[in-house]
Student: 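Below you will find the structure I want to go over with you.
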Amino acid sequence: MRVVNQSVRKVDHKALVTGKAVYTDDLAPKECLIVKVLRSPHAHALIQEINLEKAEKVAGIECILTYKDCPDKRFTMAGQTYPEPSPYDRLILDRRVRFVGDAVAVVAGYSKEAVAKALRLIKVTYEVLEPVLDFRSARDNEVLVHPEDNWKSLCPVGADNKRNLCASGTCVDGDVDKVLEGCSYVVDKTYHTQANQQSMMETFRTYTYIDAYGRLNVVSSTQVPFHVRRILANALDIPKSKIRVIKPRIGGGFGAKQTVVSEVYPALVTWVTGKPAKMIYTREESLTASSPRHEMEVRVRMGADKDGIIKAIDVYTLSNTGAFGEHGPTTVGLSGHKSIPLYGKTEAFRFAYDVVYTNVMSAGAYRGYGATQGIFAVESAVDELSAQLGMDPVAFREKNIVKEGQMMPAYYGERAGSCALGRCLERVKEMIGWDAKYPSRDMGNGKVRGVGAALAMQGSGISGVDTASVGIKVNDDGFYSLMIGATDMGTGCDTILAQIAAECLDCGMEEIIVHGVDTDASPYDTGSYASSTTYVTGMAVVRTCEKLRDMLREKGAKYLGCSPDDTEFDGENVIDLKTGRTISRAEIGNRVMCSSQDSLYASETFSSPVSPPPFMAGIAEVEVDKETGQVELIDFVAAVDCGTVVNPALARVQTEGGLAQGIGMALFEEVIYGPQGKNYSNSFMQYKIPTRLDVGNIRVEFESSYEPTGPFGAKSIGEIVINTPSPAIANAVANAVGVRIRELPITAEKIYWGMQ
């Protein structure tokens, strides 16, 4: 191929390297009102009184809004396709506060200093209530996080606010208990993953204004512009036609910006006052009042026969959604549906889950979206089961993994239409030198090195749900405009989609202009999440290009005076195959601009009934100090099957970045709460994310398969890459010093006490 499968530079590379890229705060006018939120000091309380008298007298304050000024209409901040699985359990401002950091009042003024002063002068009287802080005791607790009668769930996800349940369900095939009873070897263990912060470089930020037509314009760093429009319409109780959302450049999202964290507050201020407003989250706000990964406790029962064949897998996940239900019903599903299918020889499986409300910060979407937690548990259990069998864990996996053409258990009845997982595992085994290093090597200096492996899978969009449309038009001189609704959040999807279009249209990348997202002008796209853009939006590009090629041939044939059936389009010219006469794309574009009956514009939509999973194998080599328990990651090797690699350079940096995040989850990151529900992880001094010095040597390779339903055989890459580090590192530590860590992060203290 000419363009696809080539390491093309990002279309915006010059702006990035010269510091000319423009973000939300760069676009906001200087006269914007500054918006801040007064936040609750209590984990659970009722507001008895809010005294604004002194605060309203502060010079430069435009307005102070409380729950009395907001619609009494519940909504969800989750950026999901309607009807959202996440319950409608929020108000913009509520009389009941549900976590330390929950919004109490919105203050808008003309300077940061005035707003800060007013925030200090607001006096709130609370009736402090007992909080639910332990998610293990939340279900059917006598204390209800959401006792309100206007709470509602639009989808049958097993939610019940009177039981503190955001979701509950079971998926079964076969008699798991009976099969496990017949297994020669059974592991039954529980694993715990903490909440993790996405820690994107650009914090949450939004600015809003009323345009000349009286419409609310929202410029926001968001992954889901079209969902933002619907969410704000619900929250403000106004028609969607009154709202326009524009997405500028985003400085990272990783799922955090799939939740409408910052948008509602400046939108409320602008709608009430008619004046432009902006809200910029501080790092502390982003760490204490945002949408981190769901904390989960996962129990895994897994059995194998004496020949080492995994016969049954039983997974139960308890997920902590926190104060609100954003993404609670959907993330939990991936903990089982993206871990159990890795093993294709099972005779029975069961996946059950409960998602509970508690009085801590509301969780949300984070790269990996529940699969990360479930894969940590299942891949740790696989190693524990292989140890019982006395088998090499890589050989054990090779014996059991899903193969191309197999039905994938617990994966919605789908077959693995493309799967190079076996080759990925063979590749990383060779890269790390597994046979020479497994299980461990004593380094002779009080330290020991061990290796550990893990597998992972994800998806490519949400089957039967995610939808993408693109539009392409031919301009004068024949250059193309590619209009997309997908959100490039630094991942390079603008480049990927332009590559696909250039390949389909037989032109150069420089001949395609990519337009970002504006809900007034862009074709509809569900947004950038669920690893959907390359696969779902990419196929919409392919379909649109096919249609546009036919339109060019028809228009060229008209100008040439021949039948479209006798023409061919080679990317530059429409050719009359009978006479050899040609007309260039540039001339067609120019002639269409004058006296034409129709435009050269094509738009197509794509939604897939399947979600072909990418696969990955990873192996970690760690060094553990036997005296202190200190663990250091020495080497991490990964091999990824994402189908056809559209842009190898971008795929590689995606993989390396995802691995770094996964390493942070495995070794460092933890949200810590005090006994009264206060979040102590409120800065990067307290919440440790890895630097380049902490992630060891990362090496990445690709083992491509060909996905027949994807653009040029491509699948997704964005999420799969975060899933292997935590189980691989835990398995490496176990092989090094015999200590099995089942609760993340893996710290020196846990290893030390385990060795004792």
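Quick note: residue numbers are just sequence positions, from 1. Bear in mind the structure is a predicted one, so any value in this text is a computation, not a measurement.
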Student: Do the non-hydrogen side-chain atoms of Leu425 and Glu398 ever get within less than 4.5 Å of each other?
Tutor: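 Touching, per the 4.5 Å side-chain cut-off.
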Student: Between Glu621 and Arg441, is there a salt bridge with N-O shorter than 4.0 Å?
Tutor: yes
Student: Side-chain donor-acceptor contacts of residues 749-756 below 3.5 Å, not counting sequence neighbours, with atom names and distances?
Tutor:
residue, atom, partner, partner atom, Å
Lys750, NZ, Glu743, O, 3.0
Lys750, NZ, Pro745, O, 2.7
Gln756, NE2, Tyr752, O, 3.3

Student: The criterion is side-chain contact (heavy atoms from CB on, under 4.5 Å); which residues satisfy it with Ser683, sequence neighbours excluded?
Tutor: Met685, Gln686
Student: If you look only at pairs with a residue in residues 424-453, which of them pass as a ring-ring contact (aromatic ring centres under 6.0 Å, His included), with sequence neighbours excluded?
Tutor: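 ring-ring contact (aromatic ring centres under 6.0 Å, His included) check on residues 424-453 returns Trp434-Tyr438.
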Student: Applying side chain to side chain donor-acceptor pair (under 3.5 Å), name anything that partners Lys429, two or more places apart in sequence or on another chain.
Tutor: none
Student: Looking at residues at least two apart in the chain, or sitting in another chain, which of them share a side-chain contact (heavy atoms from CB on, under 4.5 Å) with Pro131?
Tutor: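 Once residues adjacent in sequence are excluded, the partners of Pro131 under the side-chain contact (heavy atoms from CB on, under 4.5 Å) criterion are Ala43, His44, Leu133, Asn359.
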Student: Asp442: what forms a side chain to side chain donor-acceptor pair (under 3.5 Å) with it, not counting sequence neighbours?
Tutor: Lys626
Student: In terms of side-chain geometry, is the basic nitrogen of Arg397 or Asp383 positioned less than 4.0 Å from the acidic oxygen of its partner?
Tutor: yes
Student: Check whether more than 12 heavy atoms from other residues, nucleotides or ligands sit under 6.0 Å from atom CD of Gln388, and answer yes or no.
Tutor: yes
Student: State whether a side-chain donor-acceptor pair under 3.5 Å links Ser418 with Glu707.
Tutor: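 Indeed, the side chains of Ser418 and Glu707 share at least one donor-acceptor pair under 3.5 Å.
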Student: Going by the rule ring-ring contact (aromatic ring centres under 6.0 Å, His included), which residues pair with Tyr353 if we only count those two or more places apart in sequence or in a different chain?
Tutor: Phe351
Student: Can you list the residues that meet the side chain to side chain donor-acceptor pair (under 3.5 Å) rule with Arg139, with sequence neighbours excluded?
Tutor: Asp354
Student: Under the side-chain contact (heavy atoms from CB on, under 4.5 Å) test, which residues partner Ala666, sequence neighbours left out?
Tutor: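 Ser726, Ile729.
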Student: According to side chain to side chain donor-acceptor pair (under 3.5 Å), who are the partners of Thr330, at least two apart in sequence or on a separate chain?
Tutor: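 Side chain to side chain donor-acceptor pair (under 3.5 Å) check on Thr330 returns Gln80, Tyr369.
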Student: For residues 445-457, run the donor-acceptor check on the side chains, cut-off 3.5 Å, and write out each pair with its distance to 0.1 Å, sequence neighbours left out.
Tutor:
residue, atom, partner, partner atom, Å
Asn445, OD1, Lys447, N, 3.2
Arg449, NE, Glu623, OE2, 2.8
Arg449, NH2, Glu623, OE2, 3.3

Student: Assess whether a salt bridge exists between Glu297 and Arg136, defined as any Lys/Arg side-chain N lying under 4.0 Å from an Asp/Glu carboxylate O.
Tutor: yes
Student: Restricting to side-chain contact (heavy atoms from CB on, under 4.5 Å), what partner residues turn up for Tyr23, sequence neighbours left out?
Tutor: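 Tyr23: side-chain contact (heavy atoms from CB on, under 4.5 Å) contacts with Leu16, Ala21, Asp26, Glu202, Arg249.
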